[in-house]
Amino acid sequence: MNIRTQLDTIITQALANVGANEAPAVVKTSARPEFGDYQANGIMGAAKKLKMNPRELATKVVAELENNSEISLLVEKYEIAGPGFINIHLKNNWLADQVEQTLNSDNLAVKKSSTPETVVIDYSAPNLAKEMHVGHLRSTIIGDAISRVLEFLGHKVIRQNHVGDWGTQFGMLLTYMGELKKENAELEMQLSDLEKFYQAAKIRFDEDEAFATQARENVVKLQAGDAEFLKLWQQFIDTSLNHCDEIYQILNVKLKREDVAPESQYNDDLASVITDLDKAGLLSEDQGAQCVFLDEFKGKDDSIIPMIVQKSDGGYLYATTDLAALRYRHNQLGMTRGLYLVDARQSLHLKQVYVVGKKAGFLPETTSLEHMAFGTMMGKDGTPFKTRTGGTVKLIDLLNEAKLRAFDLVTSKNPDLDEASRREIANTVGIGAVKYADLSKNRTSDYIFNWDTMLSFEGNTAPYLQYAYARIQSIFRKAGEINSGAEIVLQEPAERLLATKLLQFSEAVDVVAKDGTPNFLCNYLFELSGNFMSFYEACPIMKADEATKQSRLKLAQLTANTLKTGLDLLGIDVMERM
RNA sequence: GCGCUGGUAGCUCAGAUGGAUAGAGUACCUGGCUACGAACCAGGGGGUCGGGGGUUCGAUUCCUCCCCAGCGCGCCA
């Protein structure tokens, strides 16, 4: 039940009925309470097209609406206001009825998509040569939330973790591994901190020419399928993936081993990508490299930006791999929609991949390919984020810090709880806060990393939503079961406000599915919690008379259900007490 | 040089197809715990929406020109 869409459809039809064709009603939730629950803004635009007085047109539309039995079930009254807005007031008893129905429905009365798609979603994609750092947070968390939302709406979601496991840097790492093995060093110990391991290998690479030469040769050996190197490589990859899995588990991210679709997987397809591009007439040689030149990527001075798919030494590039992946996702996975949760800096690259992939016939023009970009992480001074040592902040360090700070807070709030419970609560709160801090922003541009805002537990944060949930659970511990036969009555303004907000859950979910913007859902849940908190202050439950108490318990119950479901779609847990 | 993304309150950020008095959080100031949990609530101050033009009944939103920031533009991924 998406009220906004329903109103929009009916009012757009009403506009057509009075002669305004192809004029959208542009229904939105009202900007201010005195403007009703929803407002239609499209009348002025339609009137302009028809060269009519907008208020006159609005009058006609309202007359049309008043004759519509379907919409009359939910609308109390219409008001024509200002230059030609139609303000819509919903019926109290209809709202109450909808709350009751939503409470009794399976998934908060959210309708499954009528056109389910096979969505391939490419997210997280760490480089296995190094440990995951804070920059991987966005892709991992936003991708996971979008996946959950799409699944919730009945789409088939195929997660693809396009991990980097095949670049030239693995020659360096494997060579270093080989050295350590000969020295009988404790390899597992060394690999437990991948960041240090990488740096140590890098130093060898930079300082020792013989080592560097060996490293370059080993890449070739690896990619040619040398058994010894494959074994060594496999050991490294496994270790690194274990690190990732550990992070995913802490983050409550659904990515599993079977979702890993590494770059190496496409190794055998790369040659055929080149021949297929050639067959499609897209390939041309330039300075020894195989390139695709397209008019789409022409600069103002007519110079065309090439996409290089094969180096002059015969080696392939990530453009080649991405094209192979694109073809695989269409042919093998049946993708009808592709989402790429990738850094904004790769926007040109991905645009090229999409256009070339479609021109080459790797997938149909109709397949929607969407780059859901996000910006670079910056430090407080607005320059790219680095620690003092010059490296990036490890993700695991951020998560541990979150748990630590949350534990201190839980301990100060609830000193009597046993330590195990406090730990558990702290983990849920701490990780929730970190995830929410990132999910609640819609920044395609760069963003500032800040420990304190990332680890804040007050205001618009996950703990605020979790707190609302915990409060409701506390009420139910005291109130016992709801009388399911009780009637919901919306008497107080706070009750009505809460009920209306509760019924807008699917509006938020639909936007996230369409635009890939979990911050809409965050914002919705924050407002819902705010409405609940106000209701909680203004409308006592336990002290009210029995009928009112039951009615309010139902509102509280649906709030809890909505918070739990909504937070689960974001990959954030709730708890009974905190 | 060309291109992409952005510039909204002291700070961190929302503002979905142009709409009525631009919103949160935080920080600051006033109040509210003999409690359905103060990780909260009620209220206050604080903004030339980077700047100039333009389109429109109406522009934070669309067009255009500047300024600033980050990033991207042939053999890394």
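Values below: every heavy atom of this structure, side chains too, minus hydrogens, waters and symmetry copies. Just so it is clear: chains get the letters A, B, ... in the order the sequence lines come, proteins before strands, and each one is counted from 1.
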Separation of atom CE in A/M372 from atom P in B/rC4, rounded to whole Å: 20 Å
A/S474 side chain near B/rG37 phosphate (N/O to OP1/OP2, under 4.0 Å): yes
Any A/K28 side-chain nitrogen or oxygen under 4.0 Å from OP1 or OP2 of B/rG19: yes
Electrostatic pair A/D446-A/R345, nearest N-O below 4.0 angstrom: no
Nucleotide nearest A/N442 (side chain, heavy atoms from C-beta), chosen from B/rG19, B/rG15, B/rG18: B/rG15
Ring-face cation of A/R423 near A/F407 (centre distance under 6.0 Å, axis angle within 45°): yes
Nearest listed nucleotide, side chain of A/D286, among B/rC75, B/rA14, B/rG74: B/rG74
Of the listed nucleotides B/rA14, B/rC73, B/rG19, the one nearest the side chain of A/I305: B/rC73
C1' spacing across the pair B/rC28 / B/rG52, given as an integer number of angstrom: 35 Å
Value in whole Å for how far the P atom of B/rC13 lies from CD of A/E527: 20 Å
Under-4.0 Å side-chain N/O to phosphate OP1/OP2 contact, A/K351 with B/rG72: no
Quiz item: A/N87 side-chain donor-acceptor pair to B/rA20 base, under 3.5 Å: yes
Value in whole Å for how far the C1' atom of B/rA20 lies from CD of A/E34: 10 Å
Under 3.5 Å donor-acceptor, A/N531 side chain and A/K501 backbone: no
Interatomic distance where CD belongs to A/Q310 and C1' belongs to B/rC76 [whole Å]: 16 Å
A/W166 side chain near A/P262 side chain, heavy-atom distance below 4.5 Å: no
Span that lies between the P atom of B/rG70 and that of B/rC76, in whole angstrom: 26 Å
Length of the CG-P vector between A/L348 and B/rC2, whole Å: 17 Å
Contact check, side chains of A/K48 and A/M44, non-hydrogen atoms, under 4.5 Å: no
Spacing of A/N41 atom CG relative to B/rU17 atom P, expressed in whole Å: 11 Å
Check: A/L173 and A/F236 side chains under 4.5 Å, non-hydrogen atoms: yes
Candidates B/rA77, B/rG25, B/rG74 - which lies nearest the side chain of A/I308: B/rG74
Protein-nucleotides 39-45 of chain B N/O pairs closer than 3.5 Å?
{"unit_1": "B/rA39", "atom_1": "OP1", "unit_2": "A/Y467", "atom_2": "OH", "d": "3.2"}
{"unit_1": "B/rA39", "atom_1": "OP2", "unit_2": "A/K413", "atom_2": "NZ", "d": "2.4"}
{"unit_1": "B/rA39", "atom_1": "O4'", "unit_2": "A/K413", "atom_2": "NZ", "d": "3.4"}
{"unit_1": "B/rC40", "atom_1": "OP1", "unit_2": "A/G459", "atom_2": "N", "d": "3.2"}
{"unit_1": "B/rC40", "atom_1": "O2'", "unit_2": "A/R471", "atom_2": "NH1", "d": "3.3"}
{"unit_1": "B/rC41", "atom_1": "OP1", "unit_2": "A/Y464", "atom_2": "OH", "d": "2.5"}
{"unit_1": "B/rC41", "atom_1": "O4'", "unit_2": "A/E537", "atom_2": "OE2", "d": "3.4"}
{"unit_1": "B/rA42", "atom_1": "OP1", "unit_2": "A/S534", "atom_2": "OG", "d": "3.0"}

Test of ring centre spacing under 6.0 Å for A/F35 and A/F85: no
Flag for A/N267-A/Q265: side-chain donor and acceptor within less than 3.5 Å: no
A/S264-A/D165 side chain donor-acceptor pair, cut-off 3.5 Å: yes
A/T548 and A/Q550: side chain donor to acceptor below 3.5 Å: no
Aromatic plane relationship, A/W451 with A/F449 - under 30° parallel, 30 to 60° tilted, over 60° perpendicular: perpendicular
A/K311 side chain near B/rC76 phosphate (N/O to OP1/OP2, under 4.0 Å): yes
Any A/T444 side-chain nitrogen or oxygen under 4.0 Å from OP1 or OP2 of B/rG6: yes
Among B/rA16, B/rU12, B/rC76, the one nearest A/T29 by side-chain distance: B/rA16
Nucleotide B/rG19, atom C1' - distance to NZ of A/K48 in whole Å: 11 Å
Whole-angstrom distance between B/rU26 and B/rG44, as gauged at atom P: 16 Å
Expected rows: protein N/O vs nucleotides 7-11 of chain B N/O, under 3.5 Å:
none

Atom pair distance, as rounded to whole Å: CD in A/E507 and P in B/rG15: 16 Å
